[in-house]
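Quick notes on the structure that follows.
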Amino acid sequence: MSYPTNRQIADLLNRIAGLLEIKGENPFKIRAYRRAAEQIAHHGQELAELWQSGDDLRRLEGVGQAIADKLDELFRTGRLEFWERLTAEVPESLLEVLEIPEVGPALARTMWQELGLTTVAGVQAAAEQGKLRTLPRMGKKKEARILAGIRAMARRQTGRFHLGQAWPLARQVLAVLGDLPQVVRVETAGSLRRMRDTIGDLDFLAATDHPAAVMEVFVRLPDVAEVLGSGETKTSVRFKNGLQADLRCVPPARWGTALQYFTGSKSHNVKIRELAQRQGYSLNEYALTREQDGKPFLFDTEAALYEFLGLAWIPPHLREDWGEIEAARSGALPAGLSVADIRGEVHCHSTWSDGRNTIEEMARAALARGYEYLVITDHSRSLGVANGLSVERLRQQSREIEAVQARVPGIRLWQGAEVEVKADGSLDYPDDVLAGLDFVVASVHTGLRQDRETLTRRALAAIQNPHVKVLAHPTGRLLTDRPGGDFDMEAVFQAAARTGTLLEINASPYRLDLPDVLVRRAIAAGVKLIINCDAHGVEDFDNLQFGVATANRGWAAAEQVANTLPLAEFEAQMGLVQK
DNA sequence: GCCGTTTTCGGCCCGACTGTTTTCAGTCG
Ligand SMILES: Nc1nc2c(ncn2[C@H]2C[C@H](O)[C@@H](COP(=O)(O)OP(=O)(O)OP(=O)(O)O)O2)c(=O)[nH]1
Ligand SMILES: [Mg+2]
Ligand SMILES: [Mg+2]
Ligand SMILES: [Zn+2]
C-alpha cells in the first residue's frame, strides 16, 4: 500500500477548501484549510513517514486537531469520509469551474444553484447563449470576460511558466520601464523576485508620480497581446506567449512598503501584517499606520520596515512563510550564498555529445566567468539520442581535454562523464573505465516511471558506487509538466549523507533539481550539495543564478555547497589527483 | 479550523479594479 504524498494531501486540502468556499462556509475555515495545504506542500519530509513513526502531525503549523484527525484517517484507511460527504453535496467538477478566470466561489455557486451548471463546458455553452447575464450582478461584459477566460484556459494560457521564459522577458520590460524619465525606480516583484521555480505571472513595481504615463508605455510593449485590466495604479496584460504581467505604480515615498507588499509571498505578507497588528499598527503597501493616533510611518527601504517591526531584512527568496519571520526575529536566518561564491562546476557538455560548444569554448567561457575549475561530463554510451561517448571516444576525448588544458591554463579542467544509471542500477561504463575518469556524475534519465522500489534501488546503487561523486538532478522532474520519479528521497538523503556523495542542484530552469523544498530537507539530513548549470552551451552558464536561488530558497549556506570551495580545497576534498 | 510576548475564546491582512452596484459585492493582487 502506498501512502498519499505531501503534494497529494495538499491538493486534497485545497480541493476541500474550494468546495467549502462554493458551499459558503466560514471564510476563516477555508483559509485554515489552504494554509495547512501550503505548509504541507512545502514540508520536505513526507507526512506519511512522520505519521508512521508516531509523530504528532499537529506540530506542523496550520495543522490542528481536526486536520490531524483527517490525515490520520487518510493514512489508516486511504479514504476520507469528510471528503466523500462533501463531494456528495457539492459536485467536484465545480472546482474546474472555479479555475476559470473571473469566476469565483460566489458565481460558481449561483451558476450551479440557479442554472444547474457544474462543468466548464456547461458554463461556456450558457455564456454563449447569453444565459449568464440573467443572474444577479451579471451582465454582457462580465459574460464576455468569462468566455475570454475559458478560451485562455483552453489555449493553456493560464498555467505557470519556468524561469527560462519569465526571466528574459522580465529583463526586457524592466529595461524599457527603467529608461522612462517618469520612473524613479522599477523592480521585479512577486514570485520572480523570490525566484520561485515556476512563475504564475510577472510582477513589476514602479516608483513614479506619473502612473498613467508609465502604464501607457507598459500596455504598448511590443509583445502585449491583450490588456486584462487597467486602473489608476495597476495594469495587467497578457503577452503573446501567454505570460501575464502586472504593473503596480506607487509614489516614490512609498517604495519600502510597496516593494515589501508586492514581493510577497501572500502568506508571508499576511504574517507580517498580523505581526504589525500585534504591535499596534496596520500595514499596507503605502505605510505602516499607528492605530492609536493614525500616524503614518513611511519607509524608503524594505530593510527599514522589517527593522521597525523588530526583524532582520529577509531576502526575498526566503519569504514563503517557512519560518523565516521567526528566524528573522531571533537572528537565525541562513547565511545564504551568492553567484560569486561558486568557484567552478562539475557537470557540463560539449560537442562530443549533445552540447553546442567545443570543450575549448566551454573552458574559456567558464574562465571568463571567473571559474577556477570545470569538469567536462559528456553523456555515456547508452544515451544514443545524445550522442553518448563509447569507451574509445572517451579515450580520445581525454587527449583533447589535455590539449585544451595546455591552451587554456587559467582554469583547471578534468575529464568526467555523466553516466547513465541503467534500469537495473548498474552504470553505463565498466568499473575500470570509471576508475580512469577524474570525476563521475551519475544520472537517472531513463525509466523514471518505474515503481518506487526499483527507482530508489537505482539511485542508491549510484550513490553507493565508489566512483560516483555526484548524483545529478536527483528527482528527474522537468518543469513545468513532468513531475520527478517516485524516489524514496529520505533513503536517498540518508545514503548520500553516509557516503558523502554530492546531490546536485541542477540550475537549468527546466529542472531546478533538487527543488528548494528538498534542498532544505537534504541539508537537515546532513547531505552536501553542488550547484551545476548542466551547460550544453556557453550561454547556459547564465543559469547559475537560478541554481543559487534554489539553494538559498532551501536555506542553504555556502559550506553546504561543495563548489564554493576554491580549487585547492575542492581538489583535496574530492580526492582529485594533482597531474 | 487554527491559535495565543494581552487571549483556550474571539479574533483571523488589506487594497485595486470591474461592473450595473445607485452604494458595493465579487474577484483578484
Ligand atoms: N497582502 C496581500 N498581498 C498579496 C495578496 N495576494 C497577492 N499579494 C502580493 C504578494 C504577491 O507576491 C504579489 C503578487 O501577486 P501574485 O498573485 O502575482 O503572486 P506571486 O507573484 O507571489 O505568485 P505567482 O507566481 O504569480 O503565482 O502580490 C493578498 O491576498 N494579500
Ligand atoms: Mg506573480
Ligand atoms: Mg501578479
Ligand atoms: Zn547533463
Side-chain angles (χ1 to χ4, degrees), chain A residues 13 16-17 20-22 24-39 57-71 82 97-111 132-146 148-149 158 189-191 200-205 211 215 227-236 244-250 254 257-258 260-289 291 309-310 321 325-326 329-330:
Chain A
L13 295 177
I16 289 174
L20 290 177
E21 208 174 19
I22 292 170
E25 258 284 6
N26 174 3
F28 300 110
K29 185 189 282 194
I30 289 148
R31 187 187 128 175
Y33 274 102
R34 296 220 162 100
R35 187 162 150 59
E38 199 181 323
Q39 289 295 325
L57 298 179
R58 288 176 306 181
R59 282 197 333 207
L60 270 90
E61 249 195 273
V63 176
Q65 192 60 55
I67 292 179
D69 285 346
K70 290 184 173 67
L71 295 179
F82 178 75
V97 173
L98 210 51
E99 300 276 299
I100 303 171
E102 311 275 331
V103 176
L107 181 54
R109 178 168 58 245
T110 24
M111 290 193 298
L132 295 188
R133 65 187 73 167
T134 64
L135 295 172
R137 304 193 61 85
M138 287 287 294
K140 267 178 113 163
K141 284 188 183 171
K142 180 76 177 173
E143 206 172 53
R145 288 178 80 100
I146 289 167
T158 56
S191 52
D201 70 352
L202 305 180
D203 299 289
F204 299 96
L205 179 69
M215 293 190 293
V227 179
L228 302 168
S230 190
E232 303 271 298
T233 73
K234 203 179 94 177
T235 291
S236 299
Q244 276 190 41
D246 293 337
L247 170 64
R248 183 71 198 268
C249 297
V250 292
R254 313 289 173 160
T257 44
Q260 194 286 324
Y261 152 71
F262 212 32
T263 297
S265 66
K266 174 180 168 173
S267 47
H268 175 89
N269 286 357
V270 169
K271 265 220 168 149
I272 291 289
R273 289 173 180 206
E274 285 172 345
L275 179 66
Q277 277 186 320
R278 285 199 298 278
Q279 299 181 15
Y281 297 88
S282 167
L283 175 64
N284 62 23
E285 59 267 51
Y286 299 110
L288 185 71
T289 306
E291 296 287 3
L309 294 171
D321 191 17
I325 294 173
E326 296 73 9
R329 189 172 16 239
S330 60

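Numbered from 1 within each chain, the chains take letters A, B, ... in sequence-line order. Because only heavy atoms are used, hydrogens play no part in the values below, and waters and symmetry mates are left out as well, while side chains stay in.
Rounded to a whole angstrom, the distance from the P atom of B/dG4 to that of B/dT8 is 13 Å. When the P atom is compared between B/dT7 and B/dG11, the two are found 15 Å apart, to the nearest whole Å. B/dT23 and B/dT18 are spaced 15 Å apart, taking the C1' atom of each and rounding to whole Å. A distance of about 23 Å separates the P atoms of B/dA16 and B/dT22, rounded to the whole Å. Taking the C1' atoms as reference points, B/dG15 lies 25 Å from B/dG10, given to the whole Å. Taking the P atom of each, B/dC13 and B/dC3 are spaced 14 Å apart, rounded to whole Å. For the C1' atom pair drawn from B/dT21 and B/dG26, the interatomic distance equals 11 Å after rounding to whole Å.
Taken from CG in A/L107 to CZ in A/R109, the straight-line distance is 10.0 Å, to the nearest 0.5 Å. Atom CZ in A/F204 sits 15.0 Å away from atom CE in A/M215 (nearest 0.5 Å).
OP1 and OP2 of B/dC13 both lie 4.0 Å or more from every side-chain N or O belonging to A/Q277.
Listed here is the closest heavy atom pair of A/I67 and A/A36: CD1-CB, 3.7 Å.
Nucleotide B/dG10 is matched to B/dC3 when pairs are restricted to Watson-Crick or G-U wobble geometry with both distances under 3.5 angstrom.
Contact annotation for A/I30: no contact, since no heavy-atom pair falls under 4.0 Å across all strands. Residue A/P101 is classed as a sugar-phosphate contact, given heavy-atom separations below 4.0 Å to backbone atoms only. Among the atoms of the strands shown, only primed sugar atoms or phosphate atoms (P, OP1, OP2) are found under 4.0 Å from some heavy atom of A/L107. Nucleic acid contact for A/K266: base, since at least one base atom lies under 4.0 Å from a heavy atom of the residue.
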message: So if I define the base as every atom that isn't primed, P, OP1 or OP2, how would nucleotides 15-25 of chain B read as a B/S/- string at a heavy-atom cutoff under 4.0 Å?
response: SSSSBSS--BB

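Contact check on A/E102 versus A/K142 returns a salt bridge, with a Lys/Arg side-chain nitrogen under 4.0 Å from an Asp/Glu carboxylate oxygen.
Between the side chain of A/N26 and the base of B/dG1 there is at least one donor-acceptor pair of N/O atoms closer than 3.5 Å.
The local environment of CD in A/E274 is crowded, with over 12 non-hydrogen atoms from other residues, nucleotides or ligands closer than 6.0 Å.
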